[in-house]
Amino acid sequence: MAKLTKSVVDAAVPRDKQYTVWCSDLKGFGLFVQPSGLRTYFVDYRNSSGLRRRMTIGRHGTVTAEQARKLAIATLGETVRGVDPAAERSSRRGSITIKELCERYLEVADKGLILGKGHRPKKGSTLYTDNGRVNRHIVPLLGSKLVKDIKAADVSKFIRDVAAGKRRQGNEESPL
């Protein structure tokens, strides 16, 4: 076992089966060597619940050994603070955008499943207004952001932009 450096990684010869080269300097930092010759850096850790997790950092060639080591140190540092980077990454992949949320809302509202005043389905005129607001303001200004990333500051900026008549296309003011 040696410190994972470029020369050690380049010297790792592919075998019939995948194997692991561990770093002697940083516990949990390693390299997978595939039979095809593909080499992938990873970090192995235990989350705050004591579950063992393994997270891929990147492929050798795209990421250097030193960059991978720095990313592994950062990942291990997050685990010390109680964050589970692998769970965070998988949660992020499953997140939806504001545009997708709006599309789901409009679809469900059209079916009468969103209740308005008096606990009755929203009226057609209200749905028409909602549709206009979504398509003219919300989707152009916030649509590409992940729902989990929206902060109060984003909402405040959105409200100011809509009040000023701004739209994402060309960032120009809309005629009133």
I need the minimum non-hydrogen distance between [X] and [Y], along with the two atoms involved.
X	Y	result
V83	P85	O-CD, 3.2 Å
N135	N131	ND2-OD1, 2.5 Å
A65	L4	CB-O, 4.0 Å
T97	G143	CB-O, 3.3 Å
V13	Y19	O-OH, 2.7 Å
P14	V33	CA-CG1, 4.0 Å

Exercise for the section: For K148, look at atom NZ and say whether over 12 heavy atoms of other residues, nucleotides or ligands are found less than 6.0 Å away. Expected result: yes

Is there side-chain contact between [X] and [Y], with heavy atoms separated by less than 4.5 Å?
X	Y	result
I150	I98	yes
L26	V43	no
L31	T40	no

Could you tell me the separation between the [atom1] atom of [X] and the [atom2] atom of [Y], rounded to the nearest 0.5 Å?
X	Y	atom1	atom2	answer
S144	E100	OG	CD	11.0 Å
C102	H137	SG	NE2	12.5 Å
K157	L142	NZ	CG	9.0 Å
I96	L101	CD1	CG	4.5 Å
I159	L141	CD1	CG	11.5 Å
K99	I138	NZ	CD1	13.5 Å

Exercise for the section: Fit a plane to each ring of Y41 and F29, take the angle between them on a 0 to 90° scale, and name the class: parallel (under 30°), tilted (30 to 60°) or perpendicular (over 60°). Expected result: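 Judged by the thresholds at 30° and 60°, the geometry between Y41 and F29 is parallel.
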
Practice task
Evaluate the ring planes of F42 and W22, with Trp represented by its six-membered ring, and classify them as parallel (under 30°), tilted (30 to 60°) or perpendicular (over 60°).
Solution key: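 Geometry flag for W22 against F42: perpendicular rings.
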
Please answer whether the main-chain N or O of [Y] pairs with a side-chain N or O of [X] as donor and acceptor at a distance below 3.5 Å.
X	Y	answer
S24	K3	yes
Q67	T64	yes
R39	V9	yes
D149	L146	no

Practice task
Check whether F32 and Y45 end up in the same hydrophobic cluster, where Ile, Leu, Val, Met, Phe, Trp and Tyr are linked by side-chain heavy atoms less than 4.5 Å apart.
Solution key: no

Handout entry: Same apolar cluster (I L V M F W Y, side chains within < 4.5 Å links), M55/L71
Key =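 Yes: a chain of side-chain contacts under 4.5 Å links M55 to L71.
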
Practice task
Using the salt bridge (Lys or Arg N to Asp or Glu O under 4.0 Å) rule, collect all pairs that involve residues 42-54, keeping only residues at least two apart or in two chains.
Solution key: D44-R52, D44-R54, R53-D84

Exercise for the section: State plainly whether the residues R104 and E107 are in salt-bridge range, i.e. N to O under 4.0 Å. Expected result: no

Handout entry: Under the ring pair (Phe, Tyr, Trp, His ring centres under 6.0 Å) test, residues paired with F158 that sit two or more places apart
Key = none

Show the atom names and distances, to 0.1 Å, of all donor-acceptor pairs under 3.5 Å that link a side chain in residues 120-129 to residues at least two apart or in another chain.
{"from": "K122", "atom 1": "NZ", "to": "Y105", "atom 2": "OH", "distance (Å)": "2.7"}
{"from": "K122", "atom 1": "NZ", "to": "D130", "atom 2": "OD2", "distance (Å)": "2.9"}
{"from": "T129", "atom 1": "OG1", "to": "S125", "atom 2": "O", "distance (Å)": "3.0"}

